[in-house]
Amino acid sequence: MVKTNINLFAEGEVVYTDGGVLAEFVWVLVVLPFIAALIITFAGKSLPLKGAEIALGTIAIIFIYSLALMYLHVTEGVANEFFINVGNIGQFDIEFGWVVDGLSIMMYFVVGLVALLVFIYATNYMEGEIRYTFFFTSLTLFAGSMLVLVSSPTLIQILIGWELVGVCSYLLIGHYWEVKDNSSAAMKAFITNKIADVGLMIGIIILALNTGTMRISEILYQATHDYPAIKNVAFVAGVLLFIGAMGKSAQFPLHVWLPDAMAGPTPVSALMHAATMVTAGVYLLARMFPFYQGIANEALDIVMLFGVITLLTAGLIAIVQDDLKKVLAYSTVSQLGYMVAAIGSGAYTAALFHLWTHAFFKALLFLGAGSVIHAVHSNSMLEMGGLRKVMPKTFSTFIIGTVALAGLPPFAGFFSKDEILASFNHEGETTFFFIAVLGAFITAFYMTRAVCLTFLGEYRGHGHPHESDSMMTTPLVVLAVFAAASGWVNIPGVYTGFTKWVTTRKNPIIEYHPESFDLFALGLGLTAGLLGIGLGYYLYQLQGSAETGDDKIKIEPIWKVLENKYYIDDFYFKFIIDPIKLNMAKAVDAFNTNVIDRFVNGFGQLASFMGVIVYNNIDQNGIDKVLNMSSTGTDSFGGKVKLLQTGRTQQYLMLFLGGVVTISLLILFII
Amino acid sequence: MEIFEIVTYFVLLALLSTAIRVVTTSNVIHAAISLVFTLALTAILFLMLSTEFVALVLVLVYIGAVIVLFLFGIMITRAPLGKNAELDNDKNKKLGAAIAGSIFLLFSYILINGFDGDVTITSGSSTELLGEILLSRFVFPFELVSFVLLAALIGGITLARKDEALIDEDQV
Amino acid sequence: MISYFQDYVTIGAVLGFGLFLVVLLLGVASVLRPNKPYEEKLQTYECGVDPVGTGWSQTYVRYYIFGLLFVIFDVEAVFIFPWAINLEKLGYFGLIEMFVFIFILLIGLIYAIRKDVLKWES
Amino acid sequence: MEEFFNNIKESFKEATLEFETINIKIDSTEWIDVHKKLRDEFNLKFFSWLSAIDWDNEVSVGEAPKESVSPSFEIITCLSDLDNTNLVTVSTSISKSEPNINSLIDVYAGANWHEREAYEMFGINFENHPNLEKLYLPDGYEGNPMLKSFELISREVKPWPGDVDVEGMPEESESDGSVDG
Amino acid sequence: MVNALDPQNMNRFSEASVSVEIETEDMTLNIGPQHPSTHGVLRLVAKVDGEKVHDVKPVLGYMHRGYEKLAEVRSYPQITTLVNRIDWVAGFSNEIPFIAGAERLMEIEVPERAKHIRLILTEMARISSHFVFNGAYALEVGALTPIFYAMEDRERVLDLIESVTGGRFHPNFNRIGGVKPAAGAGPTSKKNIQDLPAGFYRDTKVAMEKVIQAADQFQNLIGGNEVFKKRTKNVGVLTAETAEAYGVSGPILRASGVKSDLRTQTDYLPYDQFDYDIPVGENGDCYDRWDVRVKEMVESAKIVLQAIDSMPSGPLQAKVPKVIKVPQGRTYVRAENPKGEMGYYIVSDGGLGPYRLKVRTASFSNVSILPIMLEGALLPDLIAIMGSLDFVLGDVDR
Amino acid sequence: MIVQPVLVVAAALFSLGIYGILVRRNAVMVLLSIELILNSVNINFIMFDTMLADTLMQGQIFTIFIITIAAAEVGIGLAIVLMLFRNRQTANINEFDLMKW
Amino acid sequence: MTEVLVKVGFLAIAALNGAIIFTIMDVKGASWMQRRPGPLHVGLRGFIFPLAEILKFVQKEDIIPTEVDRPVFKWAPAYVMVSCVALFAVVPMSPTLVVADLELGVFFALAISSLGTIGVLTAGWSSANKYSLMGGLRAAGQLIAYELPLILAVVGVVIQAETMSLVGIVEKQIEWGVPFVVGGQIVGFLIFMVAATAEMMRVPFDMPIGESELTMGFMTEYSGIRFLIFYISEYMNMFILCAIASTLFLGGYHVPLLPTEWVNFYGPVVLLTKTAILGFILVAIRWSQPRFREDQLQNLAWKILIPASLVNILVTAVMKVGF
């Protein structure tokens with residue numbers, strides 16, 4: 001192995017190697033799941049476990065491989081990348097490849113471990129479900145897609161992985177597509193992500209065009225060495241990439257899809273919508289961190305702003321949710337807000353550290369919730385309660401997850417959240433710091449609420465809940481261990497190995513927040529957590545909510561806003577979807593009535609008719625009219641509008657083509 | 001090459017008239033058969049432009065296979081025999097014609113202004129060379145094509161298969 | 001005229017001859033044959049019963065799947081021919097390419113067989 | 001055969017053995033039960049046929065019965081046994097005014113067409129028959145041809161010649177009516 | 001949000017799957033009355049989905065000739081001429097049970113020689129019927145040649161029948177009490193009755209050897225053909241239970257594995273004097289039905305050969321009254337005809353004709369299983385199954 | 001000399017295809033119109049290939065690929081139409097308003 | 001131009017004679033195998049039989065039922081026939097006696113032969129008759145199912161000959177000294193012949209016509225001259241496919257040991273002899289076999305022939321590259 005030395009800002013000299021043969025074969029990790037998915041598709045149903053064994057075996061291999069990589073990385077430090085040229089578009093080389101460094105190894109490990117546990121869990125959880133084999137195909141496919149994403153050394157591969165992950169998410173959210181809600185949730189997730197992806201795509205194109213390369217390492221090199229071409233577009237590209245990240249990582253206001261995505265089976269929620277997929281945005285930001293830090297600093301402020309908004313708003317909504325999985329979903333959104341805000345504040349390690357711990361305890365919470373749901377056949381906390389006695393294992397692991405999330409020492413969340421708070425404090429973002437503390441309080445509060453309503457008090461549901469069997473509880477226990485202990489890898493002053501891991505990469509992190517215990521932040525965070533737990537316990541256990549399942553305190557107007565999720569969905573419908581539909585329809589109808597019909601009536605003959613369109617265009621008469629119509633919106637043509645709201649493909653196509661033709665004519669003959 | 005041009009114009013005219021028939025006839029089967037002629041004339045045009053192999057591929061795949069698929073589709077969807085008065089969306093006719101017409105004018109304008117040249121054909125283009133290029137320079141798309149075809153096959157089968165079978169099998 | 005055009009003009013003439021043959025036969029027949037239509041004679045044959053039912057043109061979806069398979073493999077054949085005449089030149093590389101290509105499409109066929117779409121019995 | 005007849009005799013007192021055929025006369029109410037019993041207990045699994053006789057004194061076709069009979073439909077089924085030569089006919093009488101009887105389809109699926117035939121030929125109504133429709137006769141055909149009261153048109157128009165010839169010389173038949181073999 | 005694990009929701013899924021099912025309007029296809037393979041004017045109204053048959057409704061009556069009604073106005077000798085038109089492929093066989101019934105009621109003992117002649121001719125009729133079946137069935141599964149061979153071989157048998165009875169299809173040869181003198185036997189007088197034509201024994205022997213050869217040929221060329229096996233094996237399987245419940249008889253029943261043959265079970269003709277096998281099938285599929293018939297031809301030929309060797313001498317006719325009047329009474333006589341059990345239920349009131357004559361024909365019951373056997377079959381199988389039932393429309397409609 | 005007429009005819013084929021797509025009510029007919037469009041593209045490719053005497057034969061190779069993709073497209077497209085037909089008993093695309101939000 | 005006309009004239013004779021010879025062969029074969037007296041003895045020992053047949057059909061009334069889609073119904077036979085005739089153009093009788101020696105000869109033949117499907121399908125559809133429709137669909141399903149093995153079986157030959165020109169293929173066989181059927185394409189030849197039999201819709205693959213089921217399949221409503229056109233096309237198709245098979249697999253116009261310089265003289269004779277032998281085998285099969293069932297036919301194509309032909313291609317290719 002070849003050893004290289006680099007200078008790090010904080011740690012002095014870091015030694016890393018090229019990883020040797022182990023790194024060379026990382027592509028196996030990426031390719032294996034796809035082959036496995038293919039095998040499951042074709043041969044799955046005839047196998048004794050209906051294809052689950054292949055999925056499990058694949059993931060186990062991935063996990064073991066990532067474990068080996070992790071060991072290598074901890075002992076030696078690895079940073080290397082590999083490229084395969086598959087073709088070119090113009091001057092761009094289309095390259096695929098894999099990157100082996102601290103960041104990606106950390107992600108391999110998280111994906112491998114959580115996926116393995118979730119797969120084990122799912123073999124039991126999904127037993128007897130509809131499309132069991134298909135489920136494992138998609139899940140395996142997802143693992144592969146996620147690995148494509150995190151292993152990508154080029155932007156184009158990131159984009160491909162990004163889309164693949166989105167598709168798998170769509171498949172899995174809509175797993176029970178027979179119920180329309182589920183399929184529309186899948187659709188919603190897909191479309192929301194697509195909107196964000198446009199940002200990502202444009203960002204990638206801008207970066208690629210200005211740097212002349214698709215390789216991330218080269219772009220980062222250019223960014224850190226003040227290449228003028230990239231400097232000009234840094235802010236725009238940074239924001240656009242962040243928009244992409246906002247979609248996947250469910251940042252306000254594009255977070256709306258994640259809670260609905262809970263329509264998928266619980267293992268899916270645990271794996272994708274808590275632990276891995278949603279962190280793709282954070283991963284992207286982290287991967288591009290030198291770029292942000294070096295030349296797109298302004299963009300980081302925006303990142304931080306959205307992160308903080310997300311962490312607060314999502315946390316508030318979580319308080320009023322009755323659906324256990326939705327509480328966890330909003331909690332996830334909120335925690336993602338923490339990570340994004342941390343990145344925004346320049347705390348590269350802190351963000352990734354939170355990603356690392358969060359993956360374990362949130363997966364744990366989701367799997368615990370799944371175990372509960374499996375037992376009571378309902379998602380609603382109103383139909384739970386008193387499960388402590390019947391499901392002791394689930395309860396105890398859930399409690400560990402809860403305190404880890406609430407940030408009590410010595411559990412994982414304590415260390416990671418504290419580091420984020422500390423970095424806010426360090427950066428001098430006082431307002432955001434206090435909001436984050438408030439967020440910690442809210443987090444502790446709603447998690448206590450959830451625990452009280454679910455496990456304490458009396459059972460309010462129907463049927464007879466029972467403890468899940470060992471196939472489901474074993475992953476819970478393993479995850480509980482990680483939820484408790486995964487924070488110990490980065491205790492400032494004691495052992496900061498994690499920092500070293502994630503900063504070991506080809507493009508060094510020039511500057512990052514150094515770890516040290518910020519006693520002020522630590523105290524405030526801990527207090528907020530304890531307060532939240534206390535208040536929650538008081539309100540829900542001592543006041544007896546846990547018995548009835550009601551919220552005893554309700555500040556009506558606020559509750560209403562929260563329950564309606566700040567009316568964001570309604571806003572989208574009212575101000576974006578409907579207007580486009582209505583006004584476009586009106587505009588085109590007006591165009592039809594006023595322009596086309598008139599011409600037809602006036603001239604009839606096609607040739608002369610076309611001539612007049614051109615003439616009128618030049619005259620600007622028709623165009624003026626159209627513009628007027630579309631801007632005035634509501635007027636006397638309303639009666640005919642219905643005709644255009646048919647949902648018919650042809651009419652949409654007609655609108656599209658009409659637009660294309662108009663624009664082309666405009667460009668050709670007028671401009 | 002006087003005769004060559006005359007024949008070309010003749011073919012183009014025939015091509016156009018059959019294509020018009022494809023989109024205007026009110027008999028579904030007639031439209032499909034008109035498309036056969038459109039494609040056959042296109043193949044003749046390709047032959048005249050010396051691209052022998054492509055012309056034959058057009059005949060083999062399009063006329064020999066795709067049209068058959070179309071005919072199956074038409075028969076399965078129970079298109080009525082004879083004229084079908086309800087084949088067109090009369091509401092869309094004017095606007096459609098307008099849009100199509102403007103696209104035509106637009107394209108013609110661009111094409112006539114943008115391209116001019118002459119062709120001199122000395123021999124048919126070599127299929128051997130075509131194969132060599134296809135399997136060396138375009139090997140990646142070539143392999144991708146197999147995936148596209150596989151996807152189309154599986155997709156088509158999944159869609160066209162009776163749904164009850166799908167559900168029975170998957171409720172493991 | 002170059003030999004390329006010569007060949008195809010000849011084939012065009014052959015096609016013309018085929019058409020001529022048809023027209024000739026039709027023409028000869030139209031002179032010789034009787035023509036005495038009446039309603040019953042012009043009825044569609046259905047074993048001596050009046051044709052029944054409106055949904056007469058109903059068809060097995062299975063045929064569509066055969067058509068689909070055919071289209072896919074027809075396209076495959078299109079790619080195989082240029083390969084086949086260049087095999088010597090392309091060597092093992094071409095061989096492996098085509099192996100992969102055929103293998104992938106065989107997966108499709110196996111899929112079809114495994115999904116029982118080629119099976120007729122219920 | 002004898003043994004079998006004795007067995008039958010135990011269950012059906014009125015059974016008679018004639019020309020190697022066991023005849024059982026039963027009441028129309030026990031029609032189904034008897035057949036079930038014959039099928040299950042006496043192993044008569046082979047359903048040969050079902051038909052009816054129109055007993056009528058005043059007839060328009062054929063000859064009137066020599067001895068007067070009570071007008072009724074007699075319904076006969078013929079059952080047999082595949083392994084040996086046991087042959088059983090079961091008959092019952094139903095009134096001509098209300099020709100109703102239960103269908104045998106549940107016992108012998110093969111009764112279906114035979115019952116349809118009897119229905120169209122005699123107008124006997126088989127209750128619980130799934131599709132009691134005409135079997136032979138064209139749509140719109142009225143009447144039940146096998147009733148004695150149904151006129152055989154050709155017979156009316158043109159009497160069968162042989163009939164008359166034979167009737168003309170009844171005496172000869174006794175004295176010199178045989179042919180040497 | 002909907003929880004998919006909720007049992008109620010699972011119900012919703014299953015409902016959803018029900019609603020996805022397609023309600024295709026089946027195509028109604030008329031097979032017959034004028035169709036190449038319905039053996040006359042049977043009409044099947046088939047509901048088909050593409051090639052698959054969902055439901056079949058046989059429509060009868062295109063050949064209904066009202067024999068039962070006619071029989072009520074005919075005298076017994078007249079009915080004999082009537083009934084041999086029922087199954088015209090084996091005309092001779094139709095007369096036997098009727099004559100036997102009348103004789104039984106009149107208590108006439110038929111001379112042995114007459115019985116033997118009847119037996120020989122019945123078996124010849126069986127052979128000729130099976131020849132027709134063989135050729136036609138091969139035609140139905142698409143082999144065009146065998147029918148020519150079958151017809152050629154049948155011709156020999158028909159010639160023999162003709163030489164004895166004077167008729168090829170409708171012999172009208174039986175008389176109550178015996179048979180009439182042979183047609184081709186030359187001048188007859190009261191003293192010298194030539195009952196069989198000259199050379200009959202020799203010709204018959206030759207013909208029967210040919211029949212055995214032909215059957216062997218069929219076994220090899222048709223039965224051994226892989227395509228034929230593919231078309232007929234495991235196609236149209238009929239279980240013995242269904243067959244019995246529907247009154248299916250004859251070779252079809254035997255092909256289903258039931259060893260039931262009225263020739264051994266009843267004594268309408270002296271079959272007990274001869275040595276022969278009863279071929280039985282195993283699976284009850286089309287191949288077995290074909291196979292049983294081919295083997296039967298050989299057995300029939302063997303019976304004929306034995307009957308010729310053991311032909312008793314004696315009169316052809318028992319003494320019967322000149323005017324035949326059947327005493328009051330009723331009887332049912334059944335016989336093993338080529339198509340299956342044929343029987344006549346004669347109800348006599350002592351008159352010149354029967355008061356009621358019920359004609360039980362084999363094909364009627366045999367055809368009645370068609371709807372069951374054809375459900376879910378493919379269209380080509382429909383033809384193969386229908387052909388394997390070997391019915392004649394005269395026999396179905398009467 | 002023949003370059004421009006061929007290109008114009010290709011453009012005409014393209015717009016006829018567009019017209020068909022917009023106007024036809026039967027889904028199969030819409031697919032037929034799409035074939036016209038693809039065909040017009042093929043004509044353009046071949047025309048340019050011949051005109052430029054491309055040594056790499058890219059026009060021809062692209063045409064072959066287009067034909068391939070068109071075959072796949074028709075397969076899937078018709079399968080969708082069949083599925084819709086099975087569920088709605090019609091191939092009239094006016095009946096299909098699933099895109100309605 | 002003269003050359004073109006001469007060639008077409010030559011082809012006209014060859015095509016019509018081929019069809020007539022095969023008709024005679026089929027009918028005489030039938031009567032011989034079925035011991036039918038008619039075409040064996042009547043009228044110049046049965047040789048003017050096809051003429052009588054044609055005269056009969058020409059005189060028959062051409063009934064076009066009212067329900068049919070008239071233009072489609074009327075022209076469907078023409079479609080089938082033209083696609084058959086066009087095939088004749090590429091078969092070489094000798095290196096010079098060939099109407100058009102295309103570089104893509106085999107490919108052209110395969111492309112053109114796939115056209116007949118549409119004629120058959122439209123004939124079945126436009127008849128407005130259920131039997132016709134089912135026959136048409138069966139025919140189309142069968143033609144497309146067996147088109148593939150036909151095409152794929154040829155690939156083996158193309159691999160060995162390294163050319164698609166039919167003359168080139170024959171020359172290669174002359175160069176090798178043995179026809180391809182001996183030189184490694186025996187599997188390909190068998191697949192080709194089976195597929196070709198199915199393409200001709202002859203027994204045991206004649207379910208599209210299957211007169212015991214579908215009365216006359218897609219031709220049910222056709223009578224008189226239009227029926228005759230289908231009928232002639234069938235024999236033309238039989239002739240041409242046998243000729244192509246002889247060319248591809250059996251060494252075409254040449255037999256080993258004969259001097260190649262005289263090939264223009266004996267070439268046509270040799271080719272016709274080979275074609276006739278193949279044709280006779282088809283006739284023998286036709287009159288001695290029952291027909292398959294539709295599903296068995298499709299299974300044979302998809303599950304046996306197509307995989308087998310793909311394997312054949314790969315094996316041939318490996319042999320070619322490896323040795």
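Values reported hereafter were calculated over all heavy atoms of this structure, with side chains retained and with hydrogens, waters and symmetry mates removed. Letters A, B, ... mirror the listed sequences (proteins, then strands); counts begin at 1.
Each of F:Ala12, F:Ala71, F:Gly75 has some count of heavy-atom pairs under 4.5 Å with chain B, and the biggest count is that of F:Ala12. Interface remark: of the candidates B:Leu49, B:Ile110, B:Leu111, B:Leu49 forms the most heavy-atom pairs closer than 4.5 Å to chain F. Looking only at heavy-atom pairs under 4.5 Å with chain B, the residue among F:Met47, F:Gln60, F:Gln58, F:Met51 that has the most is F:Gln60. Among the candidates B:Phe70, B:Phe115, B:Phe138, the residue making the largest number of heavy-atom pairs closer than 4.5 Å to chain F is B:Phe70. With chain B as partner, the option from F:Ile46, F:Asn39, F:Val74 having the largest number of non-hydrogen pairs under 4.5 angstrom is F:Ile46. For the options F:Ile18, F:Thr50, F:Thr63, heavy-atom pairs under 4.5 Å to chain B are most numerous at F:Thr50. Per-residue counts of heavy-atom pairs under 4.5 Å with chain B were compared for F:Ile61, F:Asp49, F:Thr68; the largest is that of F:Ile61. Counting heavy-atom pairs closer than 4.5 Å to chain F, the top residue among B:Val148, B:Thr42, B:Leu129 is B:Thr42.
At a 4.5 Å heavy-atom cutoff, the contact between F:Leu38 and chain B is made by side-chain atoms alone. Within the 4.5 angstrom heavy-atom criterion, only side-chain atoms of F:Leu78, from C-beta onward, approach chain B. For a residue to count as touching a neighbouring chain, one of its non-hydrogen atoms must lie under 4.5 Å from one of that chain's; by this rule F:Asn42 touches chain B with backbone and side chain alike. Residue F:Phe62 touches chain B through its side chain alone, counting heavy-atom pairs closer than 4.5 Å. Using a 4.5 Å cut-off between heavy atoms, F:Ile69 touches chain B through its side chain atoms alone.
The CG atom of B:Leu134 sits 11.5 Å away from atom OG1 of B:Thr127, with the distance rounded to the nearest 0.5 Å. The CG atom of F:Leu16 sits 7.0 Å away from atom CG of F:Leu36, with the distance rounded to the nearest 0.5 Å.
Between B:Ile112 and F:Val8 the shortest side-chain heavy-atom distance falls below 4.5 Å. Within the 4.5 Å cutoff, the side chain of B:Leu12 has heavy atoms near those of the B:Leu45 side chain.
Although no hydrogens or angles enter the test, the distance criterion places a donor-acceptor pair under 3.5 Å between the side chain of B:Ser136 and the main chain of B:Glu132.
Of all the heavy atoms in B:Ala32 and B:Leu71, the pair that sits closest is CB-CD2, 4.0 Å. Nearest heavy-atom pair across B:Ala152 and F:Ile76 is O-CD1, 3.4 Å.
Contacts of B:Phe142 classified as ring pair (Phe, Tyr, Trp, His ring centres under 6.0 Å), with partners at least two apart in sequence or in another chain: C:Phe79, C:Phe101.
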Counting only pairs under 3.5 Å, give me each side-chain donor-acceptor contact of residues 50-67 of chain B, with atom names and distances, residues two or more places apart or in other chains.
{"from": "B:Thr51", "atom 1": "OG1", "to": "B:Phe46", "atom 2": "O", "distance (Å)": "3.0"}
{"from": "B:Glu52", "atom 1": "OE2", "to": "C:Tyr8", "atom 2": "OH", "distance (Å)": "2.7"}
{"from": "B:Tyr62", "atom 1": "OH", "to": "F:Glu35", "atom 2": "OE1", "distance (Å)": "2.5"}

